[in-house]
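Some notes on the structure that comes next.
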Amino acid sequence: MAAEQENVGNLKRKLAKLFQLSLDATVPGEPDIEPQVAACTAKFGDYQCNNAMGLWSKIKGRPGIEFRGPPAVGQAIMKNLPQSEMIESCSVAGPGFVNVVLSKNWMAQNIQKMLVDGIETWAPKLSIKRAVVDFSSPNIAKEMHVGHLRSTIIGDTLASMLEFSNVEVLRRNHVGDWGTQFGMLIEFLFEKFPNFEDVNETAIGDLQAFYKESKQRFDVDAEFKDRAQKAVVRLQSGEQMYRKAWAQICEISRREFDQVYQRLGVHLEEKGESFYNPHIPGVIEALTNQGLVEESKGARVIFIEGINIPLIVVKSDGGYNYASTDMTALWYRLNEEKAEWIIYVTDVGQQQHFDMVFKAAKRAGWFPADDRQYPKASHVGFGLVLGEDGKRFRTRSTEVVRLADLLDEAKTRSKAALIERGKAAEWTEEELEQTAEAVGYGAVKYADLKNNRLTNYTFDFDQMLNDKGNTAVYLLYAHARICSIIRKSGKDTEELKKTGKILLDHADERVLGLHLLQFAEVVEEACTNLLPNVLCEYLYNLSENFTRFYSNCQVVGSAEETSRLLLCEATAVVMRKCFFLLGIKPVYKI
Ligand code: ARG
């Protein structure tokens with residue numbers, strides 16, 4: 001686990017500390033037993049310690065051990081648990097589970113403390129200072145497609161979770177801005193626009209179409225192909241006109257990408273493949289001097305244990321490739337940028353590539369032998385986006401789906417739904433636009449994030465824009481409803497926080513309170529295991545718990561109004577932090 005320092009909000013860690021003391025006292029001869037603490041799934045308590053059974057099989061039969069089975073070990077663990085204001089009661093169940101019921105006063109106080117001190121006090125504390133998240137990373141002159149949408153959305157969430165944990169994140173857009181395709185693009189540009197330097201995106205129009213057209217030429221016209229291949233060499237040797245044309249094509253592409261990022265509210269810093277070019281020879285030389293690089297079929301390669309194909313770092317024509325760049329980028333991130341955790345977000349199809357790059361780096365001694373230690377690299381893979389027909393998502397013309405069109409449609413549809421609810425009469429046009437955008441884009445993002453990223457998911461507007469079920473629409477409406485409850489009370493929550501007191505007497509209040517308190521451990525899990533769906537599931541359950549509370553506990557006008565308004569506020573605060581981490585803009589009225 002990455003979080004080594006104390007995290008004040010994390011219940012599981014707090015309990016684990018107590019159980020550590022108890023385990024040390026229960027079996028003094030076994031100093032390194034790690035406490036296994038988990039939230040309870042059954043009704044016996046809030047948390048449980050699961051060490052008794054494993055510990056028993058370890059110590060039974062040893063001289064001096066007086067326990068007569070795991071339940072007795074459980075009893076001893078319970079007896080040795082230090083006094084704590086956190087715990088109301090304990091019990092041992094079944095084969096030796098030690099169940100803990102938390103003190104509701106303690107719970108209430110901690111929720112209130114978060115309201116006063118801010119949700120940042122519940123942030124994970126990781127042991128690293130700087131990370132790279134390599135995400136989005138589309139290719140120049142090719143349209144961003146839904147695969148890049150997934151990378152952008154997932155990567156942004158991971159970066160935000162790390163930032164929330166006080167890690168400095170280098171948000172890297174590793175755009176494909178180098179490679180043989182540029183020869184053909186440049187030649188085509190020269191041909192179509194003799195004054196290429198004045199050319200802008202309006203003249204070129206759709207870069208993707210431009211790419212296609214030039215590719216067609218390349219495939220059928222041998223003379224053009226020959227020129228294109230020579231152009232690559234001239235570009236790589238730094239010939240000015242070629243560099244200029246290249247820069248121009250990159251710039252036009254960049255502007256297109258930026259529009260999508262702006263709409264999604266995602267921030268990235270571009271360091272494309274070309275950035276690493278000057279460093280490649282040095283890195284390959286160092287690897288060669290270490291004896292890692294071998295000659296194979298004319299190419300220079302690194303062999304990796306357990307994988308039957310080697311990692312090609314210099315092609316047989318002497319050129320560099322995707323892997324040469326990735327080895328170099330990794331080297332740069334470790335040595336120049338001093339990143340301790342380097343995270344790559346791409347489709348699972350690239351898993352083997354990254355596996356090989358990481359293993360080669362390990363052979364070179366760039367990473368410690370123990371995988372749990374930093375610096376380390378992780379590949380965050382994700383599955384395909386499928387259409388409603390269950391096949392790879394495409395439009396009717398079997399083209400790749402343009403990202404901008406998807407966002408447009410999501411917004412249009414959510415706007416139509418708002419108008420249907422009569423909002424056009426109630427709101428200003430600006431409010432309508434902003435809400436439609438927040439809900440529409442939020443729906444696209446949430447539909448992507450809520451599934452385990454490794455599974456394929458079906459892109460379905462009707463489903464993602466449904467206001468019932470596990471969708472952003474439902475969650476955003478739930479948040480807006482909470483805000484409206486608070487507004488209608490006419491009370492100032494800033495004031496209530498300081499003067500009022502939270503009580504968790506009703507069973508549904510207690511369930512909601514416990515769920516709120518579990519935010520800290522859930523974000524930590526989502527962040528350290530790189531799984532945004534864990535946070536989505538938490539958010540959905542929070543909403544469900546709130547709904548149950550609200551149906552069974554009268555808020556405004558009740559004797560418990562102050563406490564319940566504070567619970568509403570705490571729920572809204574936690575929901576907003578979840579939305580923020582998931583890249584979703586909250587809405588405040590609906
Ligand atoms: N441009 C690549 C693609 O579209 C993704 C790059 C991922 N990052 C990396 N360092 N290789 O597939």
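Counting starts at 1 for both ligands and their atoms, following the listed order. Below, each value reflects all heavy atoms present in this structure, side chains not excepted, and no hydrogens, waters or symmetry copies.
Between Q350 and ligand 1 there is a heavy-atom distance shorter than 4.0 Å. At least one heavy atom of Y322 sits closer than 4.0 Å to an atom of ligand 1. Taking 4.0 Å as the cut-off, H148 counts as a neighbour of ligand 1 on heavy-atom distance.
Heavy atoms of F135 found under 4.0 angstrom from ligand 1: none, in either backbone or side chain. The proximity of D347 to ligand 1, defined as any non-hydrogen pair under 4.0 Å, does not occur for either the backbone or the side chain. Residue-level proximity to ligand 1 for V175 is absent, since no heavy atom of it falls below 4.0 angstrom.
Comment: E433 engages K411 in a salt bridge, judged by a side-chain N to carboxylate O separation of less than 4.0 angstrom. Look at D448 and R150 and you find a salt bridge, because one of the NZ, NE, NH1 or NH2 atoms lies within 4.0 Å of a carboxylate O, short of that distance. Using a 4.0 Å cut-off between a side-chain N of Lys or Arg and a carboxylate O of Asp or Glu, R254 and D177 do not qualify as a salt bridge. With salt bridges taken as basic N to acidic carboxylate O contacts below 4.0 Å, one links K230 and D226. Checked for salt-bridge contact, R171 and E269 miss the test: no charged N lies under 4.0 Å from a carboxylate O. Using a cut-off of 4.0 Å between Lys/Arg side-chain N and Asp/Glu carboxylate O, E525 and K12 are scored as not salt-bridged.
Below 3.5 Å of separation, one finds an N or O of S137 facing an N or O of ligand 1. Ligand 1 has a nitrogen or oxygen under 3.5 angstrom from a nitrogen or oxygen of N139.
Per-residue contacts place D134 under 4.0 angstrom from the following atoms of ligand 1 (heavy atoms of the residue considered): 7 (C), 8 (N), 9 (C), 10 (N). With ligand atoms numbered from 1 in the order given, ligand 1 contributes 10 (N) to contacts under 4.0 Å with heavy atoms of Y344. For ligand 1, the atoms closer than 4.0 angstrom to any heavy atom of T346 are 7 (C).
A distance of 9.0 Å separates CD in E120 from CG in N166, rounded to the nearest 0.5 Å.
Taking the centre and axis of the six-membered ring of F580, the NZ or CZ atom of K577 falls inside the cone set by 45° and 6.0 Å.
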